[in-house]
Amino acid sequence: MRSFDERSTSSIHPNSFTTQFLGRMAERDEPPTAGEADVAGPWRVEPVAWNGGSGYGLFRIGESLARGFAPVGLYPSRWLALVAAAVLPGTGRDPLIRLEKQPDADGVYPLVLLPGADGGEVVGHLQLFDEALIDAMNVAIHLLQAPESLAWLLEAAGSVTLERCGAILDERVAAGVEGEG
């Protein structure tokens, strides 16, 4: 499969721009926004033949097997393709928070909100250096920033999870309680 470093268009795929124009553009350096644009979506999940059976392909809008494009990802089950569609746009974005590599004077690791003056604003502290937690928080932040991505994730959750989630959320909102959980 292609990475975002490789050309994502070619003369064999249908495109509104001419092959000559795309060739001239490909000779230039890509702007720093190219990586984010390549994964931003919007995405489409389609059934595909896969591994001698069926599965689901993840395609950019405007791309499909019928139009000669390979899927960005192949999955044996639809829910995995939906999760990929939800989180993929966030993989091209800069993180909103980061964990300082050195503990502060109190021996805890500052959590910094980016961007900001003087390297960002400290918005929390962790007792342990946990980059996996910060990565997961950045994924969740992206989902909160992107309604379409959040909708993909909610669809992937399925009806039982949504029913349970809805009951929890309804109770919290009805009680007017913040920060409980």
Side-chain angles (χ1 to χ4, degrees), residues 1-8 28-45 58-61 71-75 77-181:
M1 287 202 218
R2 285 181 285 227
S3 72
F4 66 84
D5 299 310
E6 298 175 46
R7 290 184 197 162
S8 58
R28 297 180 174 187
D29 288 337
E30 289 290 340
T33 56
E36 185 173 342
D38 193 48
V39 296
W43 296 99
R44 172 188 4 244
V45 173
L58 182 60
F59 296 89
R60 290 174 189 85
I61 296 295
V72 171
L74 289 168
Y75 306 91
S77 57
R78 189 168 188 277
W79 78 270
L80 285 173
L82 294 171
V83 170
V87 300
L88 193 56
T91 65
R93 303 192 67 188
D94 289 332
L96 191 62
I97 58 173
R98 78 163 194 274
L99 190 59
E100 293 291 346
K101 296 196 182 296
Q102 298 297 318
D104 65 13
D106 296 326
V108 294
Y109 295 88
L111 180 63
V112 179
L113 181 65
L114 301 172
D118 302 323
E121 174 189 354
V122 174
V123 293
H125 296 87
L126 294 178
Q127 291 293 326
L128 300 174
F129 186 79
D130 190 347
E131 286 184 319
L133 171 61
I134 303 310
D135 291 343
M137 289 177 70
N138 276 309
V139 168
I141 288 168
H142 164 71
L143 291 168
L144 297 174
Q145 292 172 323
E148 183 178 25
S149 290
L150 185 56
W152 283 119
L153 189 65
L154 291 172
E155 184 178 351
S159 64
V160 171
T161 301
L162 290 177
E163 182 180 350
R164 303 295 182 266
C165 178
I168 294 165
L169 187 58
D170 183 62
E171 180 183 46
R172 288 182 184 172
V173 172
V177 178
E178 283 191 36
E180 205 174 273

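Nothing here was measured: the structure is a model prediction, and the numbers come from that model.
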For this session: Check Trp152 against Trp43 and note the closest heavy-atom contact, atom names and distance.
Result: CZ2-O, 3.1 Å

Exercise. Does Asp106 reach the main-chain N or O of Val108 with its side chain, forming a donor-acceptor pair under 3.5 Å?
Worked result: no

Exercise. Between atom CG of Leu111 and atom CG of Leu126, what is the distance when rounded to the nearest 0.5 Å?
Worked result: 6.0 Å

Seminar exercise, completed: Output for pair (Leu133 CG, Leu99 CG), nearest 0.5 Å, gives 8.0 Å

Exercise. Quick one: side chain to side chain donor-acceptor pair (under 3.5 Å) pairs with a partner in residues 131-142, sequence neighbours left out?
Worked result: Lys101-Glu131, His142-Ser149

Seminar exercise, completed: Taking every heavy atom of Arg44 against every heavy atom of Arg60, the minimum-distance pair comes out as NH2-O, 4.0 Å

Exercise. How would you list, by chain and number, every residue that makes a side-chain contact (heavy atoms from CB on, under 4.5 Å) with Ala40, sequence neighbours excluded?
Worked result: none

Problem set entry | Sequence-distant partners of Asp170, side-chain contact (heavy atoms from CB on, under 4.5 Å), two or more places apart | none

For this session: Please test Ile141 against Ile97 for side chain to side chain contact (heavy atoms under 4.5 Å, CB included), starting from the C-alpha separation and ending with a verdict.
Result: CA-CA 9 Å; Ile141 288 168; Ile97 58 173; 4.1 Å; yes

For this session: List in chain and number order the residues that pass ring pair (Phe, Tyr, Trp, His ring centres under 6.0 Å) with Tyr109, two or more places apart in sequence or in another chain; answer none if no residue qualifies.
Result: Phe129

Side chains of residues 153-164: which donor-acceptor partners sit under 3.5 Å, not counting sequence neighbours?
residue, atom, partner, partner atom, Å
Glu155, OE2, Arg78, NH1, 2.8
Glu155, OE2, Arg78, NH2, 3.0
Thr161, OG1, Ala157, O, 3.3

For this session: Evaluate whether atom CG of Leu128 has more than 12 neighbouring non-hydrogen atoms of other residues, nucleotides or ligands under 6.0 angstrom away.
Result: no

Exercise. Got a sec, which residues hit side-chain contact (heavy atoms from CB on, under 4.5 Å) with Val122, two or more places apart in sequence or on another chain?
Worked result: Pro110, Val112, His125

Problem set entry | Nearest atoms (heavy-atom pairs only) where Leu58 meets Ala84 | CD2-CB, 3.8 Å

Problem set entry | Between CG on residue Leu144 and CE on residue Met137, distance to nearest 0.5 Å | 10.5 Å

Exercise. Between Val72, Val83, Asp38, which is the residue that forms a side-chain contact (heavy atoms from CB on, under 4.5 Å) with Leu88?
Worked result: Val72

